[in-house]
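A short worksheet on the structure shown next.
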Amino acid sequence: MKIQAIRGVKDILPGEIEAVQRLEQAARSIFESFGFSEIRIPIFEVTELFARGIGATTDIVEKEMYTFEDRDGKKITLRPEGTASVVRSYIEHQLYLKAPVAKLYYLGPMFRHERPQAGRFRQFYQIGIEALGTDRPAMDVEVLAMLSAVLNQIGVTEVQLEINSLGDSVCRPEYRKTLKAYFKTYLSQLCENCRRRYETNPMRILDCKNEGCRAVTAKAPSPLDHLCADCLVHFQQVKDGLNQLKIPFVVNEHLVRGLDYYMRTAFEVTTTKLGAQNAIAAGGRYDGLVKELGGPPTPGIGFAMGVERIALLMERMETPKPDIFFALLGEEAVRRMLPVTIQLRGEGVRVEMDYSGGGLKKQMGLSDKLGARYTLIIGENELKAGKAMLRNMADKSQTELSLSELAQTLPERLRKT
RNA sequence: GCGAGUGUAGCUCAAUGGUUAGAGCACUGGUCUGUGGCACCAGGGGCUGGGGGUUCAAUUCCCCUCACUCGCCCCA
């Protein structure tokens, strides 16, 4: 039996990883310019954290978690998302005492036992942020501006930002009642799934894609018409802020996030290019979560970006090519030049060389194949004359360099062109 | 969890119920013994995903299984 990667997990190979790296670099630098700091959270946690944080009736908790017992019999789960862990850490280390607002970002793998398909894996990568400690709409705007900046930076522009407000602990229970009353008369027209949601989480019916359900939800009372005064003002200020920053968005009153903890602002960035997996980033405000997990009442907002999905929208990028290839003929040349290659590499020059001991023709071929800009040729003749031949691979011009000064002259030459 | 499709060389794909399963690209070597891309020539590579069945004979037909892809669901 062949050993291979388990279902739904994937190697990201050279040629594919470059887009991921660029996304990560762009995110890091933009997040940090917004004053966010990285937090490295564990890949597994006690199961209860996710059950309570994400919501016991969500699909993630009900059927998608990688949960098992460790050797002590403790129930642990591979993290299906990052927010719960960040909040746990925030509470555990009392970060609320250190600054009025904690602005954190994280990146790394998440695990969900789902059926894999395009843009959906069982181990997938997210880059996420959380801002804990303020419920000001300005933070919602800032967070969305930051997300938008990252996507712009990496050239992912044909996407749509959808936002909605889900109400808070004041108006949401009222709305929920109104919604249930409305759906009650249409129960028979709803899909099986939604009939269950009617009991557990009626708002989820709003974003069901089933045709029958859509017909019913089209005329359903909108959450936006049932916001309390505070939520209404908050939502309006978020929209105003986005307009002021000229960040395009559409209000989607049927947007309901799949995790229980969201309140007020909820948003999604979607694309039409990835089939059924149209969400490339999503998030929202979760003002009740910190308290729910045992911390002081603390508002918060965050989002997560789907790394693989965004990478699929980015242009494929080349793996870095060598600056220079050392074509060395004979053991003596290898012996003499090895320290030079190490020194140059220490200065950040990408140096490649031949490891097979082949002839010059073969080494030139390898240099060409690797895409080196220059090839440095050193054989017996050069050693005797104290020279090295530097060949520009693009225009075939060659110049002689003094062997003893290579370490000084080469970086200079490579920088010039 | 449900439905559909596809599994043949490293990659993209042919082929046929019947001799030794082919091509292009890639790879290795040569033409060209110290100068790359081009061209020509040669070569290495395959339990045709795995198992079972039908058959004189299966890569081909049937069943099971595994994997991948796409959709449903859900989500990033």
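Naming: A, B, ... by sequence-line order, numbering from 1 per chain.
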field: Each stem that RNA chain B is part of, given as range with range (3 or more consecutive Watson-Crick or G-U pairs, under 3.5 Å)
entry: B:1-7 with B:66-72, B:10-13 with B:22-25, B:27-31 with B:39-43, B:49-53 with B:61-65
message: Going by side-chain contact (heavy atoms from CB on, under 4.5 Å), name the residues that satisfy it together with Lys180(A), two or more places apart in sequence or in a different chain.
response: Tyr198(A), Glu199(A), Pro202(A)
message: For Glu38(A), is there an ion pair with Arg40(A) - N to carboxylate O distance below 4.0 angstrom?
response: yes
message: In this structure, how many angstroms lie between the P atom of C73(B) and the CD1 atom of Ile60(A), rounded?
response: 17 Å
- request: Please list all pairs passing the salt bridge (charged side-chain N to carboxylate O under 4.0 Å, His left out) test where one or both residues lie in residues 123-137 of chain A, with sequence neighbours left out.
  value: none
Dump the pairs, protein N or O against N or O of nucleotides 27-30 of chain B, anything under 3.5 Å, distances to one decimal.
from	atom 1	to	atom 2	distance (Å)
G29(B)	OP1	Lys362(A)	NZ	3.1

- request: May I ask you to say what Met393(A) touches in the nucleic acid, namely base, sugar-phosphate or nothing, with a heavy-atom cut-off under 4.0 Å?
  value: base
field: Any donor-acceptor N/O pair under 3.5 Å between C73(B) base and Asp59(A) side chain
entry: no
message: Students often get this wrong, so: under 4.0 angstrom with heavy atoms, is Ile280(A) touching a base, only sugar-phosphate, or nothing?
response: sugar-phosphate
field: Quiz item: Gln363(A) side-chain donor-acceptor pair to G34(B) base, under 3.5 Å
entry: no
- request: Sorted by first residue and then second, give each ring pair (Phe, Tyr, Trp, His ring centres under 6.0 Å) pair with at least one member in residues 13-32 of chain A; sequence neighbours left out.
  value: Phe31(A)-Tyr105(A)
task: Decide, yes or no, whether a salt bridge links Arg88(A) with Glu45(A) under the criterion of side-chain N to carboxylate O below 4.0 Å.
output: yes
d(CD, Glu114(A); C1', G1(B)) in whole Å: 12 Å
field: Rounded distance in Å between the C1' positions of G10(B) and G17(B)
entry: 30 Å
task: May I ask you to say what Gly128(A) touches in the nucleic acid, namely base, sugar-phosphate or nothing, with a heavy-atom cut-off under 4.0 Å?
output: nothing
Enumerate the protein-to-nucleotides 65-69 of chain B contacts in which both atoms are nitrogen or oxygen and the separation is below 3.5 Å.
from	atom 1	to	atom 2	distance (Å)
C68(B)	OP1	Gly8(A)	N	3.4
C68(B)	OP2	Arg7(A)	NE	3.0

- request: State whether a side-chain donor-acceptor pair under 3.5 Å links Asp140(A) with Thr265(A).
  value: yes
- request: Indicate for each nucleotide in nucleotides 38-43 of chain B, in 5' to 3' sequence, whether protein heavy atoms under 4.0 Å reach the base (B), only the sugar-phosphate (S), or nothing (-).
  value: ------
Proximity to the side chain of Leu360(A) - top-ranked nucleotide from G34(B), G37(B), A76(B): G34(B)
message: Taking 4.0 Å as the cut-off, does a side-chain nitrogen or oxygen of Arg112(A) come that near to OP1 or OP2 on C73(B)?
response: no
- request: Output the residues of residues 22-34 of chain A in contact with RNA chain B, where contact means a heavy atom of the residue under 4.0 Å from an atom of the strand; sort by number or write none.
  value: none
P gap between C25(B) and A21(B), integer Å: 22 Å
field: Residue pairs fulfilling ring pair (Phe, Tyr, Trp, His ring centres under 6.0 Å) with at least one residue in residues 175-195 of chain A, sequence neighbours excluded
entry: Tyr175(A)-His226(A), Tyr182(A)-Tyr186(A)
- request: Taking atom P in both C11(B) and C32(B), compute the distance separating them and give it to the nearest angstrom.
  value: 35 Å
task: Would you list the pairs meeting salt bridge (charged side-chain N to carboxylate O under 4.0 Å, His left out) in which at least one residue belongs to residues 151-162 of chain A, sequence neighbours left out?
output: Glu158(A)-Lys273(A)
message: Using the side chain to side chain donor-acceptor pair (under 3.5 Å) criterion, which residues pair with Arg172(A)? Sequence neighbours excluded.
response: none
- request: Mind checking Gln398(A) for me? I need base, sugar-phosphate or nothing, with any heavy atom below 4.0 Å counting as a touch.
  value: base
message: One thing to verify: whether Lys74(A) and Glu69(A) come together as a salt bridge, which I'm taking to mean a side-chain N less than 4.0 angstrom from a carboxylate O.
response: no
field: Polar side-chain contact Arg120(A)-C73(B) base: donor and acceptor under 3.5 Å
entry: yes
task: Please list, chain by chain and in numerical order, all residues satisfying salt bridge (Lys or Arg N to Asp or Glu O under 4.0 Å) with Lys291(A), sequence neighbours excluded.
output: none
